[in-house]
Amino acid sequence: MVVKRSAGLLVFRTSGGRPEVLLAHMGGPYWAEREAGAWTVPKGEYGDDEAPEAAARREFAEELGLPAPDGPPLPLGEARQAGGKVVTVWAVEGDLDPALVVPGTFTMEWPRGSGETRAFPEVDRVAWCTPEEAAERLVAGQRVFVERLLAHLGGSGAG
């Protein structure tokens, strides 16, 4: 069995002396009515011919329509999600306005079985979140990346 691999960037900043992370709410009809567990680190799949960090930066730009911050990447390691996909994430310090995001799109048959193909945004909104908000919003398999970032930052903001 081939393991799917994704790479992403967890952008963070300090606001009022506390860390915040930039998360994206997954687009499309499956996630439209959900909040808890429906947010993600901007990420995407990559193949054997692409370096994971390069894929993380490419996917950030594709999903958000903005270039990835230039700061030095902090490796946060890997985590296996419930579906078996292995996600590798780097943290990068930066600050961007979520209102400037122009998400990429994907197409799928919708409604299912209708034969109609529709385009949906890859993410339908982006927000800065405290670690506590991230713990509620992120898909379970990605929460570890916020924990690892907080440990690197000295635990500030852990709640």
Side-chain angles (χ1 to χ4, degrees), residues 4-46 50-106 120-159:
K4 290 186 178 182
R5 301 185 69 78
S6 284
L9 290 181
L10 181 61
V11 177
F12 71 97
R13 69 180 183 185
T14 302
S15 178
R18 290 186 40 109
E20 294 180 330
V21 293
L22 187 72
L23 302 180
H25 185 271
M26 292 182 272
Y30 298 126
W31 304 103
E33 301 298 320
R34 293 182 54 191
E35 275 298 305
W39 292 71
T40 184
V41 172
K43 62 167 183 47
E45 291 184 17
Y46 66 96
E50 187 175 21
E53 185 185 336
R57 291 184 175 279
R58 175 185 54 76
E59 285 290 341
F60 185 94
E62 286 179 10
E63 288 200 354
L64 304 187
L66 299 171
D70 288 330
L74 167 67
L76 298 178
E78 294 182 344
R80 185 176 300 273
Q81 296 190 157
K85 182 185 290 184
V86 175
V87 180
T88 306
V89 171
W90 287 262
V92 177
E93 189 167 9
D95 196 2
L96 62 85
D97 182 351
L100 299 177
V101 169
V102 180
T105 60
F106 69 96
F120 295 95
E122 294 215 29
V123 300
D124 57 22
R125 61 190 183 274
V126 175
W128 288 103
C129 302
T130 65
E132 295 82 9
E133 291 167 332
E136 293 177 18
R137 293 179 175 177
L138 269 171
V139 295
Q142 294 177 24
R143 293 174 187 156
V144 66
F145 298 120
V146 175
E147 294 167 8
R148 291 173 185 169
L149 173 62
L150 291 176
H152 175 78
L153 296 175
S156 59

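Residue numbers start at 1 and run along the sequence shown.
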Handout entry: Check ion pair R58-E62 (N to O, under 4.0 angstrom)
Key = yes
Problem - Sub-4.5 Å side-chain heavy-atom contact between V41 and V11 - result: no
Exercise for the section: Could you tell me whether the side chain of R57 reaches within less than 4.5 Å of the side chain of P73, counting heavy atoms only? Expected result: yes
Practice task
Using the side chain to side chain contact (heavy atoms under 4.5 Å, CB included) rule, take W31 and V123 through it: C-alpha gap first, then chi angles, then the decisive distance, then the call.
Solution key: CA-CA 10 Å; W31 304 103; V123 300; over 6 Å; no
Handout entry: Donor-acceptor contact below 3.5 Å, side chain H25 vs main chain R34
Key = yes
Handout entry: Sidechain-backbone polar pair: Q142 side chain, V139 backbone, donor-acceptor under 3.5 Å
Key = no
Practice task
Find the distance between CG (L9) and CG (L64) and round it off to the nearest 0.5 Å.
Solution key: 9.5 Å
Handout entry: side chain to side chain contact (heavy atoms under 4.5 Å, CB included) between V146 and L76, intermediate numbers included
Key = CA-CA 9 Å; V146 175; L76 298 178; over 6 Å; no
Exercise for the section: Applying side chain to side chain contact (heavy atoms under 4.5 Å, CB included), name anything that partners P29, two or more places apart in sequence or on another chain. Expected result: M108, W110, F120
Completion exercise
Here the side chain to side chain donor-acceptor pair (under 3.5 Å) pairs for residues 87-104, sequence neighbours left out, are R13-D95
Handout entry: Criterion side chain to side chain contact (heavy atoms under 4.5 Å, CB included) on Q81 and V87, from CA distance to verdict
Key = CA-CA 7 Å; Q81 296 190 157; V87 180; 3.6 Å; yes
Exercise for the section: Kindly say whether Y46 contributes a backbone atom to a donor-acceptor pair with the side chain of R5 at under 3.5 angstrom? Expected result: no
Exercise for the section: Please check if atom CD in E45 has more than 12 non-hydrogen atoms from other residues, nucleotides or ligands closer than 6.0 Å. Expected result: yes
Problem - Check: V21 and F145 side chains under 4.5 Å, non-hydrogen atoms - result: no
Problem - Student check: side-chain heavy atoms of F12 and L153 closer than 4.5 Å - result: yes
